[in-house]
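These numbers were taken from a predicted model, which means no experiment stands behind them. For the numbers below, each heavy atom of this structure counts, side chains included, while hydrogens, waters and symmetry mates do not.
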Amino acid sequence: MCVLAVVAAANGAFCLVVIEDADVAAVLAGAVAMAAASAVLVPLGPRFPGAVAVAVVLAAALPYLVDSDWRELALAGGLVWPVLALAWSAANLVRRARGPRGAAAGAVAFAGYAVFVAVVRGAEGPALVEALNASAPVLGGAALALYGRLAQARAERARQEERERALLAERARIDERRRLAREMHDVVSHQVSLIVLQAGALASTSADPGVREIADRIRAAGGRAVDELREMVGVLNDPSSVRPDPPESFGPAADVPDPLGPVAEAGDAGQRVELTVRGDLAGLPPHVARALHRVVQESLTNARKHAPGAAVGLTVARNPDAVLVEAVNPVDDGLSGPLIEGTGTGLEGLRHRVEMLDGSLRSGREGDGFRVAAVVPLPGGPDGPDTGTGTGTGGRR
C-alpha cells in the first residue's frame with residue numbers, strides 16, 4: 001500500500017515535469033485518487049481478490065477515458081501506477097482466490113482491460129502489440145504468484161515426505177522392539193529360567209556348603225535377571241514407556257535397586273573395584289537410582305569382559321543438580337583377548353537410556369585406559385547439570 005501510494009505521488013510529479021502547461025490541480029487530483037485507491041484496495045485484496053481485481057482494472061482504464069493530462073501521459077506510456085497495481089492485483093488473485101467466481105471475474109476483467117487498451121491505443125501501434133503490452137504486468141504478477149505457490153507446495157511436500165519418513169522409521173523401530181521383545185521372552189527368559197532351576201537343584205542336592213552358597217547366589221542373580229528381562233520386555237512392547245514420568249512410573253521406592261549394588265556383586269565375583277563416593281546417595285528419585293544402577297552395572301560388566309583382572313576405578317558424585325558416575329579401567333593391548341566377546345550394544349543402549357532422562361554418557365579410550373562417564377540430572381535442579389565430580393560430604397573407598 002505504501003509503495004503504491006509513493007508511486008502515485010511520483011507519477012504525479014513526473015506528469016508535471018514532462019507535460020508542458022499541465023493542469024496542476026488535475027494532476028494533483030489524479031495522484032491523490034491513485035493514492036486513495038491504494039489505501040482502500042490493498043487492505044481489501046486478501047478478502048475480495050476478484051472484486052479488487054475488477055476495481056483495479058477500472059482504475060487503470062479511467063485515465064484513458066477522461067480528457068486530461070493523465071490521458072496524454074497514459075497514451076505516451078508514462079503512467080506507472082496502473083502497471084504496478086495490475087501486477088499486484090493479478091498476483092493477489094492467484095494467491096487468494098478460493099472459488100471459481102472470483103477467479104473468473106478477475107480473469108475477465110484483465111482480458112477486457114487488454115482489449116480496451118488495444119482499442120484505445122490502436123493508433124499508437126498494432127493492436128496485438130498493445131494488448132500484449134497491457135497484459136505484461138498482469139502475466140508478470142500471476143507468474144510471480146504461481147512461482148510462490150509452487151515453492152510453497154514443494155516445501156510442504158518436503159515436510160510431508162519428512163513426516164512420512166519419520167513415521168516409517170518409528171514404525172520400523174516399534175516392529176524391531178516387538179521382535180526383540182518376543183525373542184527375549186521366548187529365548188533369553190527361558191534359558192535364564194533354566195539356569196535358575198538348575199542352580200536351585202544344585203543347592204538342594206549338593207553336600208558341599210560352598211557349592212550350595214554359590215548355587216544360591218547364581219539362583220538369586222538369575223531370579224533378578226528374569227525380573228529385569230520381564231521389565232525390559234514390557235518396555236519394548238510399550239513404546240510409550242520408553243521415557244516414563246518419574247517417579248511414579250518406576251514403581252514404589254521398595255523396588256528401586258541400590259545404585260551401588262553391582263559393586264558388591266562384582267566383588268563377590270572376584271573383580272577389584274576401587275570405589276569413591278562423594279555426596280549422599282540416599283533418597284535419590286527412583287528413576288535416577290535405577291539409571292545409576294544400570295550405569296554402574298554396565299560399566300563393571302564392560303570392564304570384566306574387555307579387561308579381565310584389571311582394577312576398576314569407580315567414582316559416584318552427587319551434585320545439587322545431577323549425579324556423576326565415572327568408571328576407568330586400564331586396557332592392556334597385549335592381552336590375548338577379552339574374557340567374553342561383546343556386541344558393542346551395551347554402552348549404546350545405556351547411552352539411550354541416560355539420554356531419555358536428559359542426561360549424557362560418554363565412553364571410549366583415554367590414554368592407556370577406558371573411561372565411561374555419565375551424568376544423570378536430578379529433578380528440580382538448576383538448568384545445565386554440572387559435569388564435574390563435585391565436593392561431596394563424604395566418601396568411601
S.K.: Starting at CG of Asn11, measure out to CG of Leu79 and round the result to the nearest 0.5 Å.
M.R.: 5.0 Å

S.K.: Which pair of heavy atoms, one from Asp216 and one from Ala203, lies closest together, and at what distance?
M.R.: OD1-CB, 3.2 Å

S.K.: Is a side-chain N or O of Arg371 found less than 3.5 angstrom from the main chain of Glu326, in a donor-acceptor match?
M.R.: no

S.K.: Enter the distance from Leu300:CG to Leu314:CG here, rounded to the nearest 0.5 Å.
M.R.: 6.0 Å

S.K.: Are Leu378 and Leu292 joined in one hydrophobic group, where the rule is that I, L, V, M, F, W and Y side chains link up if heavy atoms are under 4.5 Å apart?
M.R.: yes

S.K.: For the residue pair Val295 and Leu350, establish whether any side-chain heavy-atom pair is separated by less than 4.5 Å.
M.R.: yes

S.K.: So which atom in Arg219 and which in Gly200 form the shortest heavy-atom distance, rounded to 0.1 Å?
M.R.: CD-CA, 3.8 Å

S.K.: Taking C-beta and beyond as the side chain, do Leu4 and Leu84 meet within less than 4.5 Å on heavy atoms?
M.R.: yes

S.K.: Answer yes or no: is there an ion pair linking Glu162 with Arg159, defined by an N-O contact shorter than 4.0 Å?
M.R.: no

S.K.: Do Phe370 and Ser363 touch side chain to side chain, with heavy atoms closer than 4.5 Å?
M.R.: yes

S.K.: Examine distances only and state if a side-chain atom of Ser206 and a backbone atom of Leu202 form a donor-acceptor pair shorter than 3.5 Å.
M.R.: no

S.K.: Should Leu144 and Val83 be regarded as members of a common hydrophobic cluster, given that ILVMFWY residues are connected when their side-chain heavy atoms come within less than 4.5 Å of each other, either directly or indirectly?
M.R.: no

S.K.: How about Asn329 and Val372: do any of their side-chain heavy atoms sit closer than 4.5 Å?
M.R.: no

S.K.: For residues Phe110 and Leu93, determine if any side-chain heavy atom of one lies less than 4.5 Å from a side-chain heavy atom of the other.
M.R.: yes

S.K.: Tell me, do Pro259 and Leu284 make a side-chain contact under 4.5 Å, heavy atoms counted?
M.R.: yes

S.K.: Can you hop from Val354 to Val296 via hydrophobic side chains spaced under 4.5 Å?
M.R.: yes

S.K.: Got Val52 and Trp88 here, is their nearest side-chain heavy-atom distance under 4.5 Å?
M.R.: yes

S.K.: Given side chains that start at C-beta, do those of Thr301 and Pro262 come closer than 4.5 Å, heavy atoms only?
M.R.: no

S.K.: Would you compute the distance between atom CZ of Arg217 and atom CD of Glu265 and round it to the nearest 0.5 angstrom?
M.R.: 10.5 Å

S.K.: Kindly give the heavy-atom pair with the smallest separation between Val273 and Ala266, and that separation in Å.
M.R.: CG2-CB, 4.2 Å

S.K.: Val325 vs Val376, test: side-chain contact (heavy atoms from CB on, under 4.5 Å). Steps then yes/no.
M.R.: CA-CA 8 Å; Val325 178; Val376 181; 6.0 Å; no

S.K.: At their closest point, which heavy atom of Ala134 faces which heavy atom of Ala114, and how far apart are they?
M.R.: CB-CA, 4.0 Å

S.K.: Surrounding CZ of Arg165 (heavy atoms of other residues, nucleotides or ligands, distance under 6.0 Å), is the total greater than 12?
M.R.: yes

S.K.: Please evaluate residues Leu281 and Arg318 with respect to the criterion side-chain contact (heavy atoms from CB on, under 4.5 Å), reporting the C-alpha separation (whole Å), side-chain torsions for both, the decisive distance (0.1 Å), and the verdict.
M.R.: CA-CA 7 Å; Leu281 300 182; Arg318 177 173 182 172; 4.1 Å; yes

S.K.: Who are the salt bridge (charged side-chain N to carboxylate O under 4.0 Å, His left out) partners of Arg171, not counting sequence neighbours?
M.R.: none

S.K.: Write down the atom of Ala145, the atom of Ala91, and the distance for their closest heavy-atom approach.
M.R.: CB-O, 3.5 Å

S.K.: Nearest 0.5 Å, what's the CD-CD distance between Glu156 and Glu161?
M.R.: 10.5 Å

S.K.: Scan side-chain atoms only and decide if Gln160 and Arg163 contain a donor-acceptor pair under the 3.5 Å cut-off.
M.R.: yes

S.K.: Anything under 3.5 Å between a donor and an acceptor, one on a side chain of residues 27-50, the other on a protein residue two or more places apart or in another chain? List them.
M.R.:
from	atom 1	to	atom 2	distance (Å)
Ser38	OG	Met34	O	2.9
Ser38	OG	Trp81	NE1	3.0

S.K.: Using only atom types and a distance under 3.5 Å, with no angle test, would you say the side chain of Arg351 pairs donor to acceptor with the backbone of Arg362?
M.R.: no

S.K.: Do Val323 and Leu275 sit in one hydrophobic cluster, given that two such residues count as connected whenever their side-chain heavy atoms are within less than 4.5 Å of each other, even indirectly?
M.R.: yes

S.K.: The criterion is salt bridge (charged side-chain N to carboxylate O under 4.0 Å, His left out); which residues satisfy it with Arg95, sequence neighbours excluded?
M.R.: none

S.K.: Mind listing the closest non-hydrogen atom pair of Ala60 and Pro82 along with its distance?
M.R.: CB-CB, 3.7 Å

S.K.: Is there a path of hydrophobic side-chain contacts, each under 4.5 Å between heavy atoms of I/L/V/M/F/W/Y residues, joining Leu260 to Leu361?
M.R.: yes

